[in-house]
Amino acid sequence: MKPISRFAPSPTGYLHLGHAYAARIAYETAREKGGTFLLRHEDIDTSRVRPEFFAAIEEDLKWLGLNWDGEPLIQSTRIAAYEEVLEKLKSMGLLYPCFCTRKEIQATINSISNAPQDGAEQTYPKTCHRMSQKKVDQKIRNGESHSWRFDSEKAAEIHGPLTFNDLERGETGIDISINGDVVLARKDVGIAYHLAVVVDDEFQDVTHVTRGEDLFFATHVQRQLQEILGYREPIYRHHELINDEDGNRLAKRHDSLAIKTLRERGFSPAEVLDMI
Ligand code: GLU
């Protein structure tokens, strides 16, 4: 079977060398075997997306010679599809409403943990999972805003032991404690990354998910979702990230390493691809 890969940037800034590296890996994964390379704009976080970045990303990719097949998929046009999947998960009893604010979650974590306070590493303490149905109904009746969280333990009871195959790290067993009960429908935008990415990888018949190793742990919950929804399992390749000269991860604020800047400074596509 010919590979289908994708590059899935969020249009929240200009592409930098790190993105070019990710895009090149996805491109080569497909092209080396005569497969298909897709582009997907992950624009559901409307608070951070800016319209000019869609075209800027496409322009940079074309300039680099990393041409994709077909029309790019734009996630904001797929809300109905994501909502349908959310309904399905709700009907399976795998989502529960969460009324907590970030602040409340952090306070709960601080009160139960003696570990170094590093909020980013902590999972949701399941506060709303313990809430009585009566209280939940009351809050919903009162119109209290809420997200929807994935009941990862209940899901694991349904799907049993699970693995994913990563071309860098090999067969990896799913550990549900890594992500805990993630949000699949955000309070503000109604959808969350883990849901949209899983639904779209299936929708676009993606066989090879190549992306930075910062998303390696995200795969644990994404595999759970695929299994629960009866989706196909892609092959993964979580590649290393490109760092700046100080060894820090590249971010969109690194304007000097933006493809656009390098282009304007007179570098050729080959020279830029050489840098990575
Ligand atoms: N949109 C995500 C990002 O820009 C990538 C998602 C993925 O490759 O799964 O980091």
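Counting starts at 1 for both ligands and their atoms, following the listed order.
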### Query
What atoms of ligand 1 come within less than 4.0 Å of a heavy atom belonging to Val197?
9 (O)

### Query
Are any of the N or O atoms of Thr210 closer than 3.5 Å to those of ligand 1?
no

### Message
Heavy atom to atom 3 (C) of ligand 1, shortest distance: which of Gly18, Ala22, Ala8, Gly212 holds it?
### Response
Ala8

#### Entry: Matching residue for Asp201 among Arg232, Arg211, Arg223, Arg40 - test: salt bridge (charged side-chain N to carboxylate O under 4.0 Å, His left out)
Arg40

### Task
Only counting residues at least two apart or in another chain, list the ones meeting side chain to side chain contact (heavy atoms under 4.5 Å, CB included) with Glu58.
Leu39, His41, Trp68, Pro72

### Query
Can you find a non-hydrogen atom of His19 under 4.0 Å from ligand 1?
no

### Message
Suppose I only count heavy atoms of Ser10 and a 4.0 Å limit; which atoms of ligand 1 are within that range?
### Response
1 (N), 4 (O)

### Message
Can you name the atoms of ligand 1, numbered from 1 with element, that are less than 4.0 Å from a heavy atom of Arg211?
### Response
7 (C), 8 (O), 9 (O)

### Sequence neighbours excluded, every pair satisfying salt bridge (charged side-chain N to carboxylate O under 4.0 Å, His left out) that has a member inside residues 93-102
none

### Task
Would you check if the side chain of Arg149 reaches a backbone N or O of Asp181 as a donor-acceptor pair within less than 3.5 Å?
yes

### Query
Mind checking whether Tyr193 has a heavy atom under 4.0 Å from ligand 1?
yes

#### Entry: Exam field: side chain Gln224 to backbone Ser152, donor-acceptor pair closer than 3.5 Å
yes

### Message
So His220 and Leu162, do their side chains get closer than 4.5 Å, heavy atoms only?
### Response
no

